[in-house]
Amino acid sequence: MELRSVEELMDLLYACPHQPALRTAALLRRSRPADKELQVAGLVHDIGQLLCPGDEIRRRERSAEAVRPLLGERVRRLVGRHDPGTDEDGLRLRMAIEESRATWFDAGVLEDWRTVLELVAERHSRLGAVD
């Protein structure tokens with residue numbers, strides 16, 4: 001599955017348990033407010049639980065490939081967590097995921113992220129779908 005519109009992505013996100021993803025994205029927004037792609041990676045990192053339940057590695061890859069056409073190569077790489085130990089943003093994402101599971105706070109609602117998703121998708125579209 002490849003996601004081609006923010007509406008398709010929102011539908012998928014609504015079908016996932018999204019509170020941990022909202023907390024991950026909110027934590028990344030606090031630590032890196034200007035880095036919308038990193039925040040979006042935190043929001044969408046776990047959509048693979050619907051695309052490929054079971055195997056964690058395949059789930060990450062399916063998530064990554066699904067978001068690439070819409071959100072670009074950097075988000076794909078972050079979601080797939082390629083070389084997270086050597087990439088600062090990958091490490092930051094992994095730490096936010098872990099923190100979001102260990103803490104509880106009101107991270108708002110999924111709809112609050114629609115505009116950010118649209119901005120990242122539009123930026124990717126303007127740059128051309130070739131990364």
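When a residue number appears, it is its place in the shown sequence, counting from 1. Only heavy atoms go into these numbers, but all of them, side chains included; no hydrogens, no water, no symmetry mates.
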- request: In sequence, state the C-alpha distance, the side-chain angles, and the governing distance for E73 and R77, and then conclude on salt bridge (charged side-chain N to carboxylate O under 4.0 Å, His left out).
  value: CA-CA 6 Å; E73 179 60 26; R77 184 176 42 81; 5.5 Å; no
Partner of K36 under side chain to side chain contact (heavy atoms under 4.5 Å, CB included), chosen from L71, V116, T115: V116
[X] side chain to [Y] main-chain N or O, any donor-acceptor pair under 3.5 Å?
| X | Y | answer |
| --- | --- | --- |
| Q39 | P33 | yes |
| D11 | E8 | no |
| R23 | T103 | yes |
| S63 | R59 | yes |

Would you give the length of the straight line joining atom [atom1] of [X] to atom [atom2] of [Y], rounded to the nearest 0.5 angstrom?
| X | Y | atom1 | atom2 | value |
| --- | --- | --- | --- | --- |
| E37 | L78 | CD | CG | 8.0 Å |
| I47 | L12 | CD1 | CG | 5.0 Å |
| L117 | L110 | CG | CG | 7.5 Å |
| E99 | F105 | CD | CZ | 7.0 Å |
| L9 | E118 | CG | CD | 10.5 Å |
| L38 | R92 | CG | CZ | 7.0 Å |

Between [X] and [Y], which heavy-atom pair has the shortest distance, and what is it?
| X | Y | answer |
| --- | --- | --- |
| A26 | W113 | N-CZ2, 3.9 Å |
| L70 | S5 | CD2-O, 3.4 Å |
| A121 | V6 | CB-CG2, 4.0 Å |

task: Decide, yes or no, whether a salt bridge links R114 with E7 under the criterion of side-chain N to carboxylate O below 4.0 Å.
output: yes
task: Give a yes or no on whether a salt bridge exists between D89 and R32, defined as a side-chain N under 4.0 angstrom from a carboxylate O.
output: yes
query: Would a hydrophobic clustering, with Ile, Leu, Val, Met, Phe, Trp and Tyr connected at side-chain separations under 4.5 Å, put L27 with L22?
result: no
message: Are Y14 and L3 linked, directly or through intermediate hydrophobic residues, by side-chain heavy-atom contacts shorter than 4.5 Å (ILVMFWY only)?
response: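 Shared cluster, yes.
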message: The test is salt bridge (charged side-chain N to carboxylate O under 4.0 Å, His left out); show your working for R74 and D87 and say whether it passes.
response: CA-CA 12 Å; R74 180 169 179 242; D87 177 71; over 6 Å; no
Chi angles and distances behind the salt bridge (charged side-chain N to carboxylate O under 4.0 Å, His left out) call for R58, E61: CA-CA 5 Å; R58 287 195 49 194; E61 280 302 315; over 6 Å; no
task: Flag yes if more than 12 heavy atoms outside M10 fall under 6.0 Å of its CE atom; otherwise flag no.
output: yes
query: Quick check: are there more than 12 heavy atoms from other residues, nucleotides or ligands sitting under 6.0 Å from CZ of R4?
result: yes
- prompt: With a 4.5 Å limit on heavy-atom distance, are the side chains of E2 and E65 in contact?
  reply: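 No - every pair of side-chain heavy atoms lies 4.5 Å or more apart.
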- prompt: Does the pair L28 and D35 meet the rule for a side chain to side chain contact (heavy atoms under 4.5 Å, CB included), with working shown?
  reply: CA-CA 8 Å; L28 291 166; D35 194 342; over 6 Å; no
